[in-house]
Q: 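Handing you this structure, nothing more for now.
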Amino acid sequence: MLGGAGLAGAFGPSVAFSKGVEDRYLLLVILRGAMDGLAAVVPYHEPKLNDWRQILVPPEPGKENGALALGTEGFALHPSLKFMFSAYEADELAILHAASSPYRERSHFDGQDVLESGGADVLASRDGWLNRALQKSAGIEAAAVGGALPLVLRGEAHAVSWAPSFLPEADDDTLERLMRMYEGDEALQTALQDAQSLDMAAGDVGGDARKVTQGRNYVPVLQAGANLAASGAAGVVVMSLSGWDTHNGQGAQNGVLAGRLGQLDDGLAEVKKTLGPKWENTVLIVATEFGRTVRVNGSRGSDHGTGGAAFLAGGAVKGGRMLGDWPGLAQNALYEDRDLYPANDLRALFKGVLRDHLGVSRKDLDRSVFPDSKNIDPLKGLV
Amino acid sequence: MHAYKTMIATNRFGLGARPGEAAEAAADPRGWLQAQLESSRTGEFQATGLKSSDQAAKEYFEYQAARRKAQKENAGGADDGKVNDMGMEKPRTNLAREIEARTRFAVTTKNPYRERLVRFWSNHFTVSISRNPVVPIAGAFEREAIRPNVTGFFYDMLFAAETHPAMLVYLDNAQSVGPNSTGGRRRGRGLNENLAREILELHTVGVDGGYSQEDVTSFAKILTGWTVAGPRDRNPTGKTYFDDRRHEPGIHSVLGKNYPALGDEQAIQVLRDLAMKPETARFVAGKLAHHFISDDPPASAVEKLTRAYLDSAGNLGVLSAELVQLEEAWQETPVKFKSPDEFYISALRGLGADTLQSRGLRGTYASLGQMPFSAPSPAGWPDEAMAWLGPDSIQKRLEWSQALAGRVGSRVDPRQFLEEALGASAGERTLFMIKGADSRKQGLTLALMAPEFQRR
């Protein structure tokens with residue numbers, strides 16, 4: 001290591017927010033590939049559920065390996081989501097079902113573009129809503145786990161990415177000499193110093209470096225993200241998890257999707273553990289670009305749909321409840337006779353968190369963070 | 001006398017000096033660059049073993065068919081990822097071969113200024129493999145639309161790029177249908193504005209080019225019909241053609257001018273006019289100045305380049321020659337921070353590499369953060385220090401440099417490397433640190449990471 005010098009870069013231990021709100025954390029987990037919201041949060045009370053997709057539905061709550069019932073509302077979490085269930089019971093998890101960005105087609109590329117840019121249309125903006133929010137809340141360090149900054153974090157506000165090394169780390173002596181060579185070159189010096197502190201902050205999370213970089217090894221990705229927040233290196237952290245495009249053999253209580261959900265759940269449990277007391281000041285958003293078809297497809301999976309599910313977790317969240325409207329699964333309630341109707345706009349969720357957790361003003365939210373979104377009211381009372 | 005100028009020619013205009021290259025350029029750095037713009041010069045890119053875009057697209061259609069079949073047969077199978085990937089090997093192999101070929105050429109070419117221009121224009125007209133059908137044809141796009149026109153007229157490159165299958169697919173024009181066309185009325189499919197918007201915003205007049213949303217919509221209508229032939233089409237599979245049944249009928253107006261209903265000719269006329277706009281000249285001039293002069297180029301330079309563009313009707317050979325003549329481009333201090341790709345290519349050139357290990361090539365690009373043909377948006381890769389001078393970027397460069405030095409360091413004298421690659425542009429501190437390195441490996445690592453080598 002570089003001794004004390006390594007910590008002298010831009011990453012201080014404290015995280016300052018606008019409006020004097022200190023020590024708050026916002027973590028965003030993007031599930032890339034479109035997670036099946038109807039499998040993650042199962043609407044058991046819907047009479048048509050088994051007609052549409054019986055082979056994708058885990059056993060009812062109470063049965064062996066059954067889903068985990070959420071109060072008396074007729075919804076249940078997938079049996080793999082044990083930690084999330086306990087967080088719901090502890091009022092630290094809220095769910096927004098039938099949620100979607102304004103995007104209404106079915107391409108992953110475009111769907112993620114709209115989800116992250118915060119625009120109303122594909123390619124409407126080249127930077128991300130979270131970056132624009134950061135421009136309104138000076139002083140927050142933002143980081144992403146992965147090989148490059150995701151669109152949501154791209155823009156004028158400073159943000160860094162961290163990914164595990166594919167190659168052996170540079171030896172200490174070389175590092176020290178390089179640091180001396182960079183004396184008088186402030187830009188390179190700062191970058192190199194920050195790299196050391198960032199690496200130390202992210203910690204050794206294990207896993208295959210390539211898979212972690214690509215978001216295919218969930219627990220290490222979430223662990224690294226939590227470490228970055230816990231160490232004070234970043235107040236805003238974005239993590240991407242890929243592999244949710246379950247067209248084939250999706251499974252129900254077991255199978256492909258159950259495995260992915262289980263990894264997600266394990267990772268989130270680690271996040272809470274790692275953050276320790278900081279969990280109380282944390283809001284973690286889990287979102288995906290769109291949902292999947294209500295009906296099972298010809299290859300025992302589901303195809304790209306519209307309404308999906310999103311989660312808010314964290315000690316700061318007023319949880320233990322379902323948010324927004326539920327459009328139902330009756331035939332005439334479906335979107336284009338195939339998808340869960342997108343009754344809730346994800347921007348309302350994001351806006352609510354940004355306003356009440358990070359103190360971004362309504363005016364900024366309506367105009368610059370989510371351009372032309374005045375008619376989308378922030379969800380109230382999320383934190 | 002020309003010592004620093006030589007380094008500017010080989011590093012700022014070129015792709016990094018190969019051993020012996022500085023000696024070639026030293027007598028007349030400007031003349032050395034100028035000569036590379038002449039088309040008679042030998043050493044052009046050889047596309048041996050690479051597939052044309054229509055050949056490669058055919059393989060992609062085969063992949064789609066195979067995937068559909070596999071999905072049906074493998075219903076209930078364990079891993080959907082595997083099924084989705086089935087048959088994607090061929091398109092991916094095409095991509096890997098293209099990346100390897102263009103990397104090898106960049107490392108070895110004797111026309112590095114010309115090759116830098118190819119990369120500049122390829123980035124200006126970005127296509128990205130973020131869309132699967134682009135995967136097998138991204139390399140062909142660069143070879144077919146960019147390379148032949150790099151010292152030709154801007155209009156020719158513009159037309160070749162916008163009507164190439166890769167662009168039509170990447171920016172959705174292939175699926176765009178005029179609402180009042182025969183096809184549009186029948187199938188209820190709609191207009192897609194992506195290509196029209198990006199041509200205006202990113203390829204020609206630029207975001208401040210004075211166009212409105214109505215211009216975008218009108219232009220999108222004009223562009224309808226330009227599409228790519230599928231496997232069941234009567235037209236040659238994988239090639240661009242104009243489908244009158246998708247074309248929105250009628251006269252449409254773009255930037256205050258009415259374009260008569262002339263089918264495919266309607267879009268051609270708009271592109272011709274856009275190529276001749278002063279706004280386009282200024283936008284292109286600004287981007288070139290940004291790439292060759294500084295992240296914040298002086299207005300005088302942009303002005304001269306704009307004039308050169310307009311006086312030559314957008315002749316890119318003339319423009320590239322003007323760039324060489326600009327005093328502003330010869331500042332004797334490193335002005336641009338290298339992108340990962342520039343860093344990587346210049347390192348291999350500095351080491352005099354002739355062969356390239358294809359294994360690990362993609363891993364290198366991925367870990368350095370700039371996989372070819374994967375720019376994050378249609379705007380292409382960023383061209384400024386702010387985007388690349390981040391902690392993770394420096395860390396990955398350092399690790400890669402150390403690994404490279406570990407492989408070749410025993411055979412390379414770092415002082416000689418520095419002399420060949422940086423010559424007069426290496427500062428005293430750098431020379432001192434490298435002289436004092438405890439091993440050749442460490443010396444080479446430091447030389448690759450030197451502030452002067454990280455910039456150009």
Q: I want to check something: taking the side chain as every heavy atom from C-beta on, are B:S367 and B:Y365 in contact at a cut-off of under 4.5 Å?
A: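 No, every pair of side-chain atoms sits at 4.5 Å or beyond.
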
Q: Applying a criterion of heavy atom separation less than 4.5 Å, what residues of residues 436-446 of chain B form contacts with chain A?
A: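 Counting heavy atoms that sit under 4.5 Å from chain A, the residues of residues 436-446 of chain B involved are B:G436, B:A437, B:D438, B:Q442, B:T445, B:L446.
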
Q: Given heavy-atom pairs under 4.5 angstrom as the criterion, report whether the side chain, backbone, both or neither of B:E193 touches chain A.
A: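 Looking at B:E193, nothing touches chain A.
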
Q: Checking A:A39 now: which residues fulfil side chain to side chain contact (heavy atoms under 4.5 Å, CB included) with it, not counting sequence neighbours?
A: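 A:D36, A:R53, A:Q250, A:L257.
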
Q: Pick one of side chain, backbone, both or neither for B:Q370, based on which atoms fall under 4.5 Å of a heavy atom in chain A.
A: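 Contact with chain A: none, neither part.
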
Q: Show, in sequence, the C-alpha distance, side-chain angles and deciding distance for A:R132 and A:D127, and conclude whether the salt bridge (charged side-chain N to carboxylate O under 4.0 Å, His left out) test is met.
A: CA-CA 8 Å; A:R132 292 193 296 273; A:D127 48 21; 2.7 Å; yes

Q: Residues in side chain to side chain contact (heavy atoms under 4.5 Å, CB included) with B:R397, at least two apart?
A: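 Side chain to side chain contact (heavy atoms under 4.5 Å, CB included) check on B:R397 returns B:F337, B:K338, B:P340, B:F343, B:L368, B:W388, B:S393, B:M449, B:Q454.
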
Q: So if I take each residue of residues 166-175 of chain B and look for any heavy atom under 4.5 Å from a heavy atom in chain A, which residues do I end up with?
A: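 Within residues 166-175 of chain B, the residues under 4.5 Å from chain A are B:Y170, B:L171, B:D172.
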
Q: For A:Q193 and A:S197, does a side-chain donor sit closer than 3.5 Å to a side-chain acceptor?
A: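 Judged by distance alone, the side chains do not pair up.
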
Q: Relative to chain A, which segment of B:E399 carries a heavy atom at a distance below 4.5 Å: side chain, backbone, both, or neither?
A: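 Looking at B:E399, backbone and side chain both touch chain A.
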
Q: Please determine if A:D245 and A:R260 form a salt bridge, counting it only when a charged side-chain N lies under 4.0 Å from a carboxylate O.
A: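 Answer for the salt bridge query: no.
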
Q: Between the side chains of A:E336 and A:R106, is the shortest nitrogen-to-carboxylate-oxygen separation below 4.0 Å, so that they form an ion pair?
A: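 Salt bridge flag = yes for A:E336 with A:R106.
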
Q: Where does A:R180 contact chain B at under 4.5 Å (heavy atoms): side chain, backbone, both or neither?
A: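 Contact with chain B is through both the backbone and side chain of A:R180.
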
Q: Side-chain contact, heavy-atom cut-off 4.5 Å: A:M181 with A:L178?
A: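 Heavy-atom side-chain distance check passes, below 4.5 Å.
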
Q: Do the side chains of B:E452 and A:D185 get nearer than 4.5 Å, heavy atoms only?
A: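 Answer no - side chains too far apart.
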
Q: Check this for me, if you would: do A:R177 and A:D171 make a salt bridge, where the nitrogen-to-carboxylate-oxygen distance has to be below 4.0 angstrom?
A: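 Salt bridge between A:R177 and A:D171, a charged N being under 4.0 Å from a carboxylate O: no.
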
Q: Given heavy-atom pairs under 4.5 angstrom as the criterion, report whether the side chain, backbone, both or neither of B:L202 touches chain A.
A: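 Side chain of B:L202 only, per the 4.5 Å heavy-atom cut-off to chain A.
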
Q: By a 4.5 Å heavy-atom criterion (distance strictly below it), what part of B:A385 contacts chain A: side chain, backbone, both, or neither?
A: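 When you check distances to chain A, no heavy atom of B:A385 falls under 4.5 Å.
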
Q: Would you please say whether a donor-acceptor pair under 3.5 Å links the side chains of B:N194 and B:E198?
A: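 Looking only at side-chain atoms, B:E198 and B:N194 do not form any donor-acceptor pair under 3.5 Å.
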
Q: For B:R429, is there an ion pair with A:E183 - N to carboxylate O distance below 4.0 angstrom?
A: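 B:R429 and A:E183: salt-bridged.
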
Q: Is it the case that the ring center of B:W400 lies less than 6.0 angstrom away from the ring center of A:F166?
A: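 So the answer is no for these two rings.
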
Q: Which residue out of A:P168, A:G33, A:G301 racks up the most heavy-atom pairs below 4.5 Å with chain B?
A: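 Greatest number of close heavy-atom pairs with chain B: A:P168.
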
